[in-house]
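Working notes for the structure below.
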Amino acid sequence: MKQDLGTYIEVAAALPVFGTYTYRLPEALRSRANTGHRVLVPFGRRRVTGYILGPAAGTRPDAVKDVLDLLDAQALFPENLIPFFRWVADYYLHPLGEVIRGALPSGLNLYEYNLLAVDEAACPLPGDGQLSPLERDILDCLRQGACRLKDLQSHLDRPVPGALLQAMVKCGWVVRRKTLRGGRTRPKKARLVRRVDALPEGVRITPQRRKILDLLDREVELPLRTLQNAVPGAAAIVRTMARRGLVALAETNVYRDPFGEPILPDRPPELTPEQQTALEAIDAARRQGFAAILLDGVTGSGKTEIYLQAAAATLGRGQSVLVLVPEIALISQTERRFRARFGERVAVLHSGLSTGERLDQWQRIRNREAPIVIGARSAIFAPLEGIGLIVVDEEHDGAYKQETGLRYNARDLATVRARMNACPVIMGSATPSVQSYFNHQQGKFLRIRLSRRVQAKTLPEVAVLDLRPIQNERGVRKYLSAELIAAIGETLERGEQSLIFLNRRGYASYPICSACSATLKCRHCSISLTYHQRANAYRCHYCGYSRSARATCPDCGADKIWHYGLGTEKLEEFLQRFFPTARVARLDRDTTRRKHGLLAVLKKLQAGDIDILIGTQMVAKGHDYPNITLVGVVCADSTLNFPDFRAGERTFQLLAQVAGRAGRGERPGRVILQTYTPDHFIIAAARRQNYARFYADEIKFRRTLGYPPYNRMIQLLITGPDAARTAEAARRLGRAAQTDLQRLNAQGARFSLLGPVEAALHRMAGRYRWQVLLRGPSARGLNRFARQLLYGGGVRYERQGIKVSIDVDPLFMM
Ligand code: ADP
Ligand code: ZN
């Protein structure tokens, strides 16, 4: 719909600046410009991309500049997203233009390229006498027409230095124009063969034709591929049959799951009474408009089926549906099941797509061709209109938190977007986050409980084994109890699969010099290196720094290094040696670095070609393999000991999820949980799979220490290349915070300040890291405090390479 914007428009620039700006829209652009379009605008001495937010409100400053160009033919996002973008920018203290830029698919940015041009009307070109020969050649070439740098260089047959071009752009002799190139990926087509209502008379029915007709008789229509499997040469036979009118041919779009199997349509099953009640409760909530619903149900209790049916009802009302899932779950079940139920109406957004595919999906959503969007966290910004339902599956999952740039939490934003759309948001989990459960107890979230597994499968039995008695054993033996080894052996004998969970990749995590006992540390981070046997190198898991394993001790020069600490590589080697005939595989970031690595392993697991799978937390999530009957957790403490107040919560969730991998099929499952702290309340709760008990203890601890959910927090992370300067900047910021805080608390606020302290990981990728933590009971008050502190006092903390990043509601506090 074309809206008349008027002469003055409000623009958010894609720059780290706060506030929006007013520009004048030249007459020539007025008929085409609309909210949601990108424009090229002058900003200071530069030209930058901006986003049209709508007509400018209020009085106009005198020196309003003109919009230079319109960059899109079609709006990139609907108007209803603008209040959402503004909310995000405000809440996370992030520049609005950058919020929008980050929300748009990166494919879009890649699809845009710079065209170089001359604009003699805007800037008369200097006479030849003022130009170097290369400059003259460049301008001569560009006078013939705009082109890309690549083409310019090939015309001139020589490289054009970036600095030179930059200088020419600065003078205004050359302008850069961003150009969008659209690309469409076509969906794969499958050929279908259909039964005809009445067979024509007098056509001979050969035995092969008979066979095909019989198959169609039962199914009405079948993919040609299916017929080809049943009748050799079916393609040619069907073609002649179609010519004679015995069958009809058609084409349809097909979707394939990541394993390459076509996804066949399914029909909704009849709901269990518990599911029925849940769906009715959701519908009742919906009638009130906005509602935040915590769908709390054990794995296999039929949550996904509820999403599907609630989504179907929403589509039935002519509204659209947004489904968020953790990245890794996309390649497993959820996308597949939505596809099976809704086919063409589903658009997907996640990082596994190529840039062209992502742009294509974005445009399908934008054009209202796909009323269901399913995607990872960034899909919270999907350009849907008329949203009637938002689903957040596995709401407790840390993957919803973005940890760089705009540090948002998609789970929290789902609630915000649902409120703006006056629709329900369903957050599902078997292990709800403490935050969401607390919200339920405060009466903010409606909790719907699913207590039973659909097919009445029992939850696995969990045994806790104390690692302390074997901690003085040698090598891998001190990490593997006899019971766990025996259990793996028994599982092997029964022809079933074991999953062994170890949260540390690589071979050995503590390389120590045999002569001087120094640990081998990363050159750029305050962390010890991990030895990787296959790569024969030491690697840093934080910055990627790598050094050859042939290297000697950096402290004393000795050449013998002990490899202490257990990683997945070492465990794999040990188990393979111990069970020589077993098929052992490993699933971690090292084995799945290449694109299809993860799928290849999962495919083998599914086909029964793996007996023992060793993996990091990648194995914990969402996969459903019925033949896994043993899950071993090598060391339940490794996440528990993280210096982060949420370590307990995360460990409980992880243990519950890993344990949930066992016994998904007909046979019962068994879980062995090894630990040095068998009496820890988290371990005890995990053993009994008792969420209520975990929550009761955890919430007490949070209350005592004033942590979320009793308080809100904003973390300011101060980083810089120089140790002393970074520390000084952190202290300066800390002092300013202290002063502000005393003033505000004197007026009745209840803020507190933690830090400045060196971060637990006090150096990463060559940057020193300090934290200042602001804490207070209300998000709004805290937001004002932080805003005043960082932008109100006129002090700039970001100097000399120092950066202050703002993390509102921080989740990982390393
Ligand atoms: P969750 O999302 O809670 O793990 P799912 O929705 O995946 O649970 O359900 C677990 C299994 O039970 C799936 O295989 C699903 O197809 C099946 N299922 C769910 N609801 C029903 C139902 N009402 N009738 C029959 N099977 C169902
Ligand atoms: Zn490093």
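Counting starts at 1 for both ligands and their atoms, in listed order.
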Ignoring hydrogens and geometry beyond distance, is a side-chain donor-acceptor pair present between [X] and [Y] at under 3.5 Å?
X: R452; Y: T272; value: no
X: N503; Y: T639; value: no
X: T277; Y: Q275; value: no

Please confirm whether G302 comes within less than 3.5 Å of ligand 1 when only nitrogen or oxygen atoms on both sides are compared.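 Yes - when backbone and side-chain N and O of G302 are compared with those of ligand 1, one distance drops under 3.5 Å.
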
Atom indices of ligand 1 within 4.0 angstrom of E270 heavy atoms, with elements: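 Answer, ordered by atom number: 22 (C), 23 (N), 24 (N).
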
So S433 and R411, do their side chains get closer than 4.5 Å, heavy atoms only?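 R411 vs S433: side chains touch.
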
I'd like to know if K401 and D807 make a salt bridge, using a cut-off of under 4.0 Å between side-chain N and carboxylate O.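 Looking at K401 and D807, the cut-off is met.
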
Would you call R341 and E305 a salt bridge, using N to O less than 4.0 angstrom?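 Salt bridge: yes.
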
At less than 2.8 Å, would any N/O/S atom of H524, backbone or side chain, sit next to the Zn ion (ligand 2)?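 No - counting backbone and side chain alike, H524 has no N, O or S atom under 2.8 Å.
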
Metal site the Zn ion (ligand 2): N/O/S of H541 inside 2.8 Å: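 It does not: H541 brings no N, O or S atom closer than 2.8 Å to the Zn ion (ligand 2).
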
For ligand 1, is S301 a contact, meaning one of its heavy atoms is under 4.0 Å away?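 Contact present.
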
Ligand 1 contacted by V298 (non-hydrogen, < 4.0 Å):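 Per 4.0 Å heavy-atom rule, V298 contacts ligand 1.
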
Shortest heavy-atom approach to atom 6 (O) of ligand 1 - which of L271, L295, T272, T304: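 Minimum heavy-atom distance to atom 6 (O) of ligand 1 goes to T304.
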
Can you figure out which of Q309, R337, Q275 has its heavy atom closest to atom 13 (C) of ligand 1?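 Checking each option, the heavy atom nearest atom 13 (C) of ligand 1 is found in R337.
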
